[in-house]
Participant: 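Attaching a single structure in structure tokens format; questions to follow.
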There are 2 protein chains.
Amino acid sequence: MTRRITAKDIAMQAGVSRSAVSRAFTKGASVKPETRTRILDVAENLGYRPNAIARSLIKQETDLVAVVTGSEDNIYDMYFFDRLALRLQHEGKWGLLVRAERDEDISKKLGEALMYPVQAAIVRAGTVNTTIVEQCQRLKVPLIFTGPCPVAGADSVWCDNEEGARLAVDTLIQRGCRKIAYLGGDIRMLSENSRRKGFFDAMKTFGLEPFAVLDGDFYHADGYSNGVQLLTARDVPDGIFCANDAAAMGVLDAAKQVSNLRVPEQLAVIGFDNIPMAAWPSFDLTTIDNPIDLTTQAVADTLKKRLDAPGLPEMSVAITPKLVLRGSA
Amino acid sequence: MTRRITAKDIAMQAGVSRSAVSRAFTKGASVKPETRTRILDVAENLGYRPNAIARSLIKQETDLVAVVTGSEDNIYDMYFFDRLALRLQHEGKWGLLVRAERDEDISKKLGEALMYPVQAAIVRAGTVNTTIVEQCQRLKVPLIFTGPCPVAGADSVWCDNEEGARLAVDTLIQRGCRKIAYLGGDIRMLSENSRRKGFFDAMKTFGLEPFAVLDGDFYHADGYSNGVQLLTARDVPDGIFCANDAAAMGVLDAAKQVSNLRVPEQLAVIGFDNIPMAAWPSFDLTTIDNPIDLTTQAVADTLKKRLDAPGLPEMSVAITPKLVLRGSA
DNA sequence: CTATAAATTGCACTCGTGTGCAATACAATA
DNA sequence: TATTGTATTGCACACGAGTGCAATTTATAG
């Protein structure tokens with residue numbers, strides 16, 4: 001591996017001291033304009049750029065932010081991640097990718113990643129891992145949770161899933177549904193728990209018993225099989241709230257395939273997240289929008305505040321989801 | 001910002017020299033077992049871990065790999081990125097996220113990112129940017145292109161899109177189609193160009209003229225509107241090859257909506273990429289699988305080879321796509 | 001032309017860590 | 001016990017860059 005060009009090389013080539021090179025790259029530093037030009041020319045020629053790693057050592061700070069994601073490979077999360085990456089880039093931060101294969105590995109991987117002096121860690125994981133929080137606290141690395149259910153000791157930006165579930169139930173009821181089923185996701189996920197809670201609470205408000213409650217895993221196939229089960233029974237629901245869009249689409253597919261219920265007249269279906277596909281004509285899915293832009297913006301804001309004032313008390317920002325009315329309910 | 005715990009702190013607390021701390025963390029270094037234990041205990045207590053940045057300075061290498069992506073937000077790319085991240089993590093590399101908003105910004109962003117001494121850069125971009133290659137060459141940073149059309153001066157792993165398109169045409173012809181349309185993607189994209197070329201070549205082989213050729217942008221909405229246009233004309237095609245799955249799904253939706261053509265009997269549709277949604281019952285899309293695992297594996301292999309032997313001649317690995325037969329053709 | 005102020009430059013130290021080398025402590029052998 | 005060999009340890013330097021301070025050059029005023 002050929003050696004990287006250093007400031008020393010530039011200094012020799014340009015006939016100046018190494019400090020001069022450093023100053024040439026420092027805005028506002030005192031260097032004679034011609035000298036700076038000459039140095040920058042030489043640097044350009046040799047393909048030099050200051051080593052961010054050496055610089056950060058002395059400046060005592062980096063622009064690195066660990067971006068930690070768990071094992072979940074659902075579509076919404078991918079979009080979310082993509083937008084988050086973009087937002088961080090806008091803020092002048094460099095994301096250090098920490099990708100755990102299973103949720104249990106998250107804290108381990110993050111631990112390794114923290115060998116790099118990151119400014120903060122942004123974590124998006126389905127299940128909460130207390131170890132992560134402790135780890136970051138001990139290393140004094142600010143931690144921002146992206147997703148539901150804040151944990152003491154970390155900032156968090158979370159979608160108000162309970163509110164979203166209430167919105168869904170309200171809408172179904174308003175549509176005239178009375179036999180409402182809930183098709184949940186993986187119960188280990190925090191988002192699932194709060195969506196489920198919101199569902200039960202809302203139903204209680206209306207004095208209704210859930211028609212059925214099924215567990216699932218947030219995937220289309222799961223929504224499909226659960227949908228088949230629900231819709232081939234003797235008594236079928238007239239409304240289904242699904243814990244995410246993929247599952248809802250599975251239900252819609254099942255409805256088409258194994259029943260001749262008309263959607264939304266005889267069967268109303270509502271999803272959660274509002275992934276781009278929900279708008280596709282074949283689904284035309286009414287859903288609860290989990291606002292990516294608002295959320296990533298809030299993450300960026302929280303990050304900035306936290307870095308500006310490390311002593312600030314814990315921050316917890318709730319993002320309110322909203323109904324997106326389409327053809328399925 | 002509270003100062004990070006350093007080896008010096010540990011050394012004082014444990015009553016040893018700083019070198020001892022360093023050695024305690026270096027496998028195979030000469031330290032008395034009890035001393036090491038004591039040091040590691042203190043380190044554990046104080047939440048210390050060696051600063052990767054300082055270490056990399058002296059070791060003259062990092063585990064960082066720049067992962068560069070352009071503006072394209074299509075579903076396949078997101079899955080691809082996710083799997084690539086996972087693979088890199090497996091290889092013990094840390095991805096440095098470089099996310100450009102527009103393709104033109106890629107080289108600029110990468111340039112900034114190269115202030116970090118990365119081992120290599122992995123680039124996935126729709127359009128090829130010669131600047132990127134020059135930049136990496138000058139900085140002597142190995143560059144691996146992920147995607148079609150290698151550029152001189154960089155390694156590349158690419159899907160044989162021409163072959164994929166041929167496969168699609170073969171299949172359509174075998175199904176009895178003779179009036180075959182091509183629904184392309186953004187013509188600035190390299191993958192589009194080779195898929196298109198493959199399509200034309202294959203058609204020529206069979207002595208057929210394309211029934212129609214439409215430009216698009218790889219999105220569902222585009223496939224839908226182009227589909228409507230194609231299928232509401234006086235004369236309609238009996239087979240459509242789409243440049244990616246999303247567009248193909250748009251076509252299928254259009255077929256359902258504005259025609260009563262039976263798929264696949266009267267209209268066969270083939271996509272490209274094989275995103276997970278292609279398997280969903282509502283689409284059941286026959287498509288050309290663009291193998292993510294093979295590709296990311298090849299990227300990892302190429303990376304390893306390149307790092308082991310920087311002097312090796314340019315590598316170009318072709319990944320052969322294969323047909324996935326489902327219900328749409 | 002000289003005196004003074006301002007701009008430019010280089011020296012030397014610093015950041016946190018790894019490591020060769022020499023010094024020391026300990027164990028094994030005679 | 002004396003001697004040799006081996007395991008530990010600390011010192012000092014290195015990595016690449018930023019910066020205070022003092023030395024030097026240049027510009028400005030008198």
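Sequence lines set the chain letters: A, B, ... in the order given, protein chains first and strands last, and positions in each chain run from 1. Since this is a predicted model, take the numbers as computed values, not measurements.
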Participant: Taking atom P of D:dT19 as reference, at what distance in whole Å does atom CZ of A:Phe25 sit?
Facilitator: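 Rounded to the whole Å, the gap is 15 Å.
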Participant: Does C:dG16 have OP1 or OP2 under 4.0 Å away from a side-chain N or O of A:Tyr116?
Facilitator: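 The answer is no; no side-chain N or O of A:Tyr116 sits under 4.0 Å from OP1 or OP2.
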Participant: So, does the side chain of A:Ser56 form a donor-acceptor pair with the base of C:dC15 at under 3.5 Å?
Facilitator: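 Answer no: no donor N or O sits under 3.5 Å from an acceptor.
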Participant: Round to the nearest Å and state the distance from A:Asn51 atom CG to D:dG18 atom P.
Facilitator: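 Whole-Å distance recorded here is 9 Å.
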Participant: If you measure from CG on A:Leu64 to CG on A:Leu88, what distance do you get to the nearest 0.5 Å?
Facilitator: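 If I round to the nearest 0.5 Å, the distance is 11.0 Å.
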Participant: Quick one: label B:Pro117 by what it contacts on the DNA or RNA (base, sugar-phosphate, nothing), any heavy atom closer than 4.0 Å.
Facilitator: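 The residue B:Pro117 makes no contact with any strand.
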Participant: Can you tell me which nucleotide in C:dG10, D:dG16, C:dC21 comes closest to the side chain of B:Arg23?
Facilitator: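 Of the candidates, C:dC21 comes closest.
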Participant: How many Å lie between CZ on B:Arg36 and P on D:dA7, as a whole number?
Facilitator: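 Roughly 14 Å, once rounded to whole Å.
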Participant: Side chain of A:Ile58 only, please: which of D:dG18, C:dG16, D:dG10 is the nearest?
Facilitator: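 Of the options given, the side chain of A:Ile58 lies nearest D:dG18.
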Participant: Want to settle it: does B:Val31 or A:Ile5 sit nearer the 5' end of DNA chain D, counting the closest nucleotide to each?
Facilitator: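 Final value for this comparison: B:Val31.
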Participant: Give B:Ser22 one of three labels, base, sugar-phosphate or nothing, depending on what nucleic acid heavy atoms sit under 4.0 Å from its own.
Facilitator: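 If one applies the 4.0 Å heavy-atom cut-off, B:Ser22 turns out to touch a base.
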Participant: Please report the interatomic distance CG(B:Asp155) to CG(B:Leu143), rounded to the nearest 0.5 Å.
Facilitator: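 It is 8.0 Å, given to the nearest 0.5 Å.
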Participant: Atom NZ in B:Lys108, atom CD1 in B:Ile132: separation rounded to 0.5 Å?
Facilitator: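 Output value for this atom pair is 13.5 Å.
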Participant: Nearest whole Å is fine: how far is D:dG16 P from A:Asp9 CG?
Facilitator: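 In whole Å, D:dG16 P lies 8 Å from A:Asp9 CG.
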Participant: Given that A:Ala20 and B:Val21 both sit by DNA chain C, which one's nearest nucleotide is further toward the 5' end?
Facilitator: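 Result of the comparison: A:Ala20.
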Participant: Could you check whether B:Phe25 and B:Tyr48 have their ring centres less than 6.0 Å apart?
Facilitator: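 Yes, the ring of B:Tyr48 comes within the 6.0 Å limit of the ring of B:Phe25, centre to centre.
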Participant: Between C:dA7, D:dG10, C:dT17, spot the one nearest the side chain of B:Arg55, thanks.
Facilitator: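 Given the options C:dA7, D:dG10, C:dT17, the side chain of B:Arg55 is closest to C:dT17.
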Participant: Looking at D:dA17, D:dA7, C:dC15, which one has an atom nearest to any side-chain atom of A:Leu57?
Facilitator: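 Nearest to the side-chain atoms of A:Leu57, counting from C-beta on, is C:dC15.
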Participant: Without decimals, in angstroms, what is the distance between B:Lys32 NZ and C:dA25 P?
Facilitator: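 So the NZ-P distance, B:Lys32 to C:dA25, works out to 11 Å.
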Participant: Could you state the CZ-C1' distance from B:Arg18 to D:dT8, rounded to the nearest angstrom?
Facilitator: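 Distance check: B:Arg18 CZ to D:dT8 C1' gives 17 Å.
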Participant: For B:Asp301, which of B:Lys304, B:Lys305, B:Gln297 qualifies under side-chain hydrogen bond (donor to acceptor under 3.5 Å, both in side chains)?
Facilitator: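 Exactly one pass, corresponding to B:Gln297.
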Participant: Distance check: side-chain N/O of B:Thr35 vs OP1/OP2 of D:dT9, anything under 4.0 Å?
Facilitator: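 For D:dT9, OP1 or OP2 has a side-chain N or O of B:Thr35 closer than 4.0 Å.
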Participant: Determine whether the aromatic ring centres of B:Tyr116 and A:Tyr116 lie less than 6.0 Å apart.
Facilitator: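 No; A:Tyr116 has its ring centre 6.0 Å or more from that of B:Tyr116.
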Participant: Hey, does the side chain of B:Gln60 come within less than 4.0 Å of D:dG16's phosphate (OP1/OP2), counting only N and O?
Facilitator: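 Answer is yes, contact under 4.0 Å.
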Participant: Distance check needed: D:dT8 P versus B:Glu34 CD, whole Å only.
Facilitator: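 To the nearest whole Å, that distance equals 9 Å.
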Participant: Name the closest nucleotide to the B:Ser17 side chain, picking from D:dA17, D:dG10, C:dT9.
Facilitator: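 Given the options D:dA17, D:dG10, C:dT9, the side chain of B:Ser17 is closest to D:dG10.
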Participant: The side chain of B:Lys59 is closest to which nucleotide in this list: D:dT19, D:dG10, C:dT19?
Facilitator: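 Among the listed nucleotides, the one closest to the side chain of B:Lys59 is C:dT19.
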Participant: Round to the nearest Å and state the distance from A:Glu61 atom CD to C:dG16 atom P.
Facilitator: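 The answer, rounded to whole Å, is 14 Å.
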Participant: Starting from the 5' end of DNA chain D, give me the residue, B:Pro33 or B:Ala54, whose nearest nucleotide shows up first.
Facilitator: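 On the 5' side of the pair lies B:Pro33.
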Participant: C:dC11 base to A:Ser19 side chain: any donor-acceptor pair below 3.5 Å?
Facilitator: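 By the distance-only test, yes, there is a pair.
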